[in-house]
Amino acid sequence: MSFNRPDQLRKLTESFDLCIIGGGASGAGVALDATLRGYKVLLIEKGDFACQTSSKSTKLVHGGVRYLEQAVKKLDWHQFKMVYKALHERKTLLQNAPHLAYPLGLLTPCYTRWERLYYRIGMWLYDKISGSTNLKSSRGLSKKEIQSEFPSIESHHLRGGVLYYDGQLNDARYALAILKEAERLGACVLNYASLASFELGAKSLKIKKVVFSDLLAKESYTIPVKAVVNATGPYTDKIRALANPRMKPRMKVSRGAHVVLPAEFWQGETALLIPKTDDGRVIFVIPWRDYVLVGTTDDPDTLSESPVILATEKEYLISYFNRYSSKKATLEDISATFVGQRPLLQAQLDSTLNTDTKSLVRDHEVEVDGRSKLVSIMGGKWTTYRVMASDTLDVLEKEVLKVPLKPCLTKDHLLVPASPVALPSDVESDIRTHLEEIYGPSAGEVYGYGADRILPNQPYLVGELNYLKEHEMAITWDDVLSRRWGIAIRDEALAEKLKAIKKEAFAS
C-alpha cells in the first residue's frame with residue numbers, strides 16, 4: 001500500500017489495539033513506537049499532519065540554553081534534567097533523518113568582558129552535559145574573528161562572542177517521515193479525520209470504541225480499540241473532556257511569533273542567538289532554506305486554530321534583528337510570518353510569577369484518566385518527541401493494557417526509505433538541491449514523476465504534485481505549500497504564484 005487516503009481507508013475493517021488522536025510530532029512518535037512494539041495502530045488527525053504546533057516551531061533541535069541558565073541560577077534540578085534529556089536526544093534526532101535535520105552553528109555576541117566569560121562558561125557546561133552526544137565543541141571568538149567570519153553581524157561595541165552548536169530540522173517533513181515509517185510498518189494513518197465521540201463501557205466507563213468522521217467523504221466510522229492516546233497538544237483538554245466531562249482543564253498555550261526575511265539580510269550558514277532582550281526573552285536569527293528566520297516571542301495566548309501575527313510582534317522582532325544585523329530590514333522586507341501555539345501544563349504556568357511563559361521549561365507529563373483510561377501526553381517539545389512517545393507507551397502498557405513492558409526500538413530506527421532511488425547525474429543543480437533537501441533518498445523516485453518546472457527559475461516540479469497526492473497524502477494547496485514544501489511560511493508571494501499556475505491540482 002501507499003501513503004494515501006484511499007489505501008488507508010481500506011484498512012478500517014477491523015479493531016485496533018491503539019488509536020492515537022493527533023498527527024503532530026507527539027502522535028507520530030507514539031505511532032511509530034507502538035507499531036515497533038507490535039501493536040495494531042490507528043492514528044487520526046482532524047487537519048493535515050503537523051498542521052499546528054509541530055510545523056510552526058523555530059526549527060531548532062536543542063537542549064535549551066536558556067533553560068540551562070535558569071537551572072544554574074535557580075539551582076533547579078528539574079530544569080537541569082530537562083536540558084540533559086534534550087541534549088542527549090538531539091543527536092539521535094539528527095542521525096535518524098539526516099536529510100531533514102543537521103547541525104547548526106549559533107553565535108552568541110558579547111559586549112563586555114564579563115559576558116564573554118559568562119557565556120563561555122555556560123556553553124562549556126552545555127558541551128559537558130552533552131557528553132559523547134555533543135555535536136561539536138563550542139569556542140570563544142574575538143571581535144576580529146567575528147568580523148572576519150561573520151560579516152552579517154553589527155560589530156559596533158562588540159567585544160567578542162561564543163560559537164556553539166545545536167541542530168536544525170524541517171519540522172513538518174520530519175513529522176511526516178515518522179508517520180510514513182509507522183504506516184510502512186503496518187499502522188493506519190489518516191488526515192482530515194475528526195474525532196466525534198467515544199463509546200464507553202456500560203459499567204466501567206472505559207473507552208471501547210472511537211467514532212470519527214472522514215471530513216472529505218463525509219462518512220462516519222466506529223472502530224473498536226483497546227486503548228486511546230490523546231496527543232493533540234494545545235487541544236488536549238477538549239479530548240480529555242470528551243472522554244470524561246469531570247476532568248478539569250490542565251492546559252494553557254503560549255504563542256511563538258516568527259518573521260521571515262530574504263537571505264540577503266543574513267549571509268552565511270551560522271545562526272545568531274540574542275541571549276537577552278529588554279524584557280528578558282531569547283531571540284534567534286536563523287539561516288533557513290534560502291531565507292532567514294527571526295523569532296520567537298513567548299506570551300500567554302488564547303487557543304486558536306489560525307493564530308495571526310500581531311503588528312507589535314513584527315515590529316518587536318524586526319527591531320531586535322536590526323540591533324544585531326549590519327544590513328537593516330523594514331517591515332516591508334518581511335516575506336512571510338507564522339505563529340505557533342505551544343502546549344503548557346497549567347501547573348507549570350501557575351508555578352511562575354505573573355504567568356511568565358518565557359521562563360517555563362517545556363517538559364512533559366503522561367496522564368491516565370482513572371475512569372475512561374484515556375492516556376494523554378501533555379507538554380514537551382520537538383527535540384524530545386521520541387522520549388515523550390516512549391514514556392507514553394510505557395505508561396499505557398503498565399496502567400491500561402496491563403502487559404509487561406516491551407522495549408522501545410525507536411532510538412536507532414532510521415526514517416529513510418528501504419530502497420532509495422538516486423537522481424540522474426544531469427539534474428539541474430537547483431532542482432537537485434530542492435529534491436534532496438525535501439525528499440532525501442526518495443529524490444530520484446520523485447523526479448521520475450516528471451521534471452517540468454511549475455515556474456521558470458523555481459525548482460518546484462509539476463510531477464511532484466502527483467507524487468504528493470499518491471505518496472504523501474497531500475489534499476489541499478495548504479498541505480503542499482505550508483508543509484510538504486514549506487514555501488508558504490518562507491515566501492508568501494511565491495507560494496501564491498505557484499498555486500495560481502496549478503490551482504486545479506489541489507483543493508483550496
Is any side-chain heavy atom of [Y] closer than 4.5 Å to one of [X]?
{"X": "Ser442", "Y": "Pro417", "value": "yes"}
{"X": "Lys381", "Y": "Met388", "value": "no"}
{"X": "Arg342", "Y": "Val253", "value": "no"}
{"X": "Ile318", "Y": "Leu331", "value": "yes"}
{"X": "Val375", "Y": "Val366", "value": "yes"}
{"X": "Glu472", "Y": "Arg173", "value": "yes"}
{"X": "Thr277", "Y": "Ile283", "value": "yes"}
{"X": "Val162", "Y": "Leu107", "value": "no"}

Roughly how far apart are [X] [atom1] and [Y] [atom2], rounded to 0.5 Å?
{"X": "Arg37", "Y": "Cys408", "atom1": "CZ", "atom2": "SG", "result": "5.5 Å"}
{"X": "Glu496", "Y": "Glu492", "atom1": "CD", "atom2": "CD", "result": "8.5 Å"}
{"X": "Asp478", "Y": "Cys51", "atom1": "CG", "atom2": "SG", "result": "8.5 Å"}
{"X": "Tyr174", "Y": "Asn170", "atom1": "OH", "atom2": "CG", "result": "11.0 Å"}
{"X": "Ile438", "Y": "Leu435", "atom1": "CD1", "atom2": "CG", "result": "8.5 Å"}
{"X": "Tyr165", "Y": "Leu163", "atom1": "OH", "atom2": "CG", "result": "4.0 Å"}

- Checking side chain to side chain contact (heavy atoms under 4.5 Å, CB included) for the pair Val229/Thr392: CA distance, chi angles, key distance, verdict? CA-CA 8 Å; Val229 170; Thr392 301; 3.9 Å; yes

- Query: Cationic tip of Lys327 within the cone over Phe265's six-membered ring, i.e. under 6.0 Å and within 45° of the normal?
  - Reply: yes

Show me the side-chain donor-acceptor pairs of residues 124-135 shorter than 3.5 Å, one per line, residues at least two apart or across chains.
| from | atom 1 | to | atom 2 | distance (Å) |
| --- | --- | --- | --- | --- |
| Tyr126 | OH | Gly63 | N | 3.0 |
| Tyr126 | OH | Gly64 | N | 3.3 |
| Tyr126 | OH | Asp166 | OD1 | 3.0 |
| Tyr126 | OH | Asp166 | OD2 | 2.9 |
| Asp127 | OD2 | Ser138 | N | 2.9 |
| Asp127 | OD2 | Ser138 | OG | 2.7 |
| Ser130 | OG | Arg90 | NH2 | 3.1 |
| Ser130 | OG | Tyr126 | O | 2.9 |
| Thr133 | OG1 | Ser130 | O | 2.6 |

Look only at the side chain of [X] and the backbone of [Y], and say whether a donor-acceptor pair between them is shorter than 3.5 Å.
{"X": "Glu45", "Y": "Asn191", "answer": "no"}
{"X": "Glu145", "Y": "Gly161", "answer": "no"}
{"X": "Lys499", "Y": "Leu494", "answer": "no"}
{"X": "Ser482", "Y": "Asp479", "answer": "no"}
{"X": "Gln341", "Y": "Thr302", "answer": "yes"}
{"X": "Asp333", "Y": "Thr330", "answer": "yes"}
{"X": "Arg240", "Y": "Lys248", "answer": "yes"}
{"X": "Ser376", "Y": "Glu367", "answer": "no"}
{"X": "Thr35", "Y": "Ala31", "answer": "yes"}
{"X": "Arg116", "Y": "Arg159", "answer": "yes"}

Would you mind checking if [Y] and [X] are paired as a salt bridge, meaning a charged N to carboxylate O distance below 4.0 Å?
{"X": "Lys59", "Y": "Asp171", "value": "yes"}
{"X": "Arg255", "Y": "Asp298", "value": "no"}
{"X": "Lys85", "Y": "Glu89", "value": "no"}
{"X": "Glu464", "Y": "Arg484", "value": "no"}
{"X": "Asp278", "Y": "Arg323", "value": "yes"}
{"X": "Arg483", "Y": "Asp48", "value": "yes"}

- Task: Begin from the C-alpha positions of Leu273 and Tyr164 and carry the test side chain to side chain contact (heavy atoms under 4.5 Å, CB included) through to its verdict.
- Result: CA-CA 10 Å; Leu273 166 65; Tyr164 75 102; 3.5 Å; yes

- Task: Identify, with sequence neighbours excluded, every residue that meets side-chain contact (heavy atoms from CB on, under 4.5 Å) alongside Glu115.
- Result: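 For Glu115, the residues satisfying side-chain contact (heavy atoms from CB on, under 4.5 Å) (neighbours in sequence not counted) are Cys110, Tyr111, Thr112, Tyr119, Lys276.
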
- Partners meeting side-chain contact (heavy atoms from CB on, under 4.5 Å) with Tyr235 (sequence neighbours left out):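 Lys46, Gln52, Thr232, Leu303, Glu305.
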
- Query: For Lys328, does the NZ atom sit with more than 12 other heavy atoms under 6.0 Å from it, leaving out its own atoms?
  - Reply: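 Enclosed.
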
- Message: I'd like to know whether CG of Asp290 has more than 12 heavy-atom contacts from other residues, nucleotides or ligands below 6.0 angstrom.
- Response: no

- Message: Tell me whether the rings of Trp114 and Tyr118 are parallel (<30°), tilted (30 to 60°) or perpendicular (>60°).
- Response: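 The arrangement is tilted - the two ring planes meet at 30° to 60°.
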
- Message: Under the rule for ring-ring contact (aromatic ring centres under 6.0 Å, His included), what residues qualify as partners of Tyr84, not counting sequence neighbours?
- Response: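 Only His88 meet the ring-ring contact (aromatic ring centres under 6.0 Å, His included) criterion with Tyr84.
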
For [X] and [Y], work out which heavy atoms get closest and say how close.
{"X": "Arg281", "Y": "Thr297", "result": "NH1-C, 4.3 Å"}
{"X": "Val308", "Y": "Glu313", "result": "O-OE1, 4.4 Å"}
{"X": "Ala257", "Y": "Leu317", "result": "O-CD1, 3.5 Å"}
{"X": "Thr58", "Y": "Leu293", "result": "O-CD2, 3.6 Å"}
{"X": "Leu104", "Y": "Ala271", "result": "CD2-CB, 3.9 Å"}
{"X": "Val285", "Y": "Pro287", "result": "O-CD, 4.0 Å"}

- Message: Run Ile178 and Tyr385 through side chain to side chain contact (heavy atoms under 4.5 Å, CB included) and show every step you take.
- Response: CA-CA 11 Å; Ile178 302 167; Tyr385 89 89; 3.4 Å; yes

- Task: Check the pair Val294, Val260 against side chain to side chain contact (heavy atoms under 4.5 Å, CB included), reporting the backbone distance first and the verdict last.
- Result: CA-CA 6 Å; Val294 184; Val260 182; over 6 Å; no

- Residue pairs passing the side-chain hydrogen bond (donor to acceptor under 3.5 Å, both in side chains) test where at least one lies in residues 92-101, sequence neighbours excluded: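 Sorted pair list: Thr92-Lys411.
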
- Can Ser155 and Gln147 be counted as having a side-chain donor-acceptor contact under 3.5 angstrom? yes

- Message: Tell me which pairs pass ring-ring contact (aromatic ring centres under 6.0 Å, His included) where either residue lies in residues 274-322, with sequence neighbours left out.
- Response: Tyr316-Tyr320

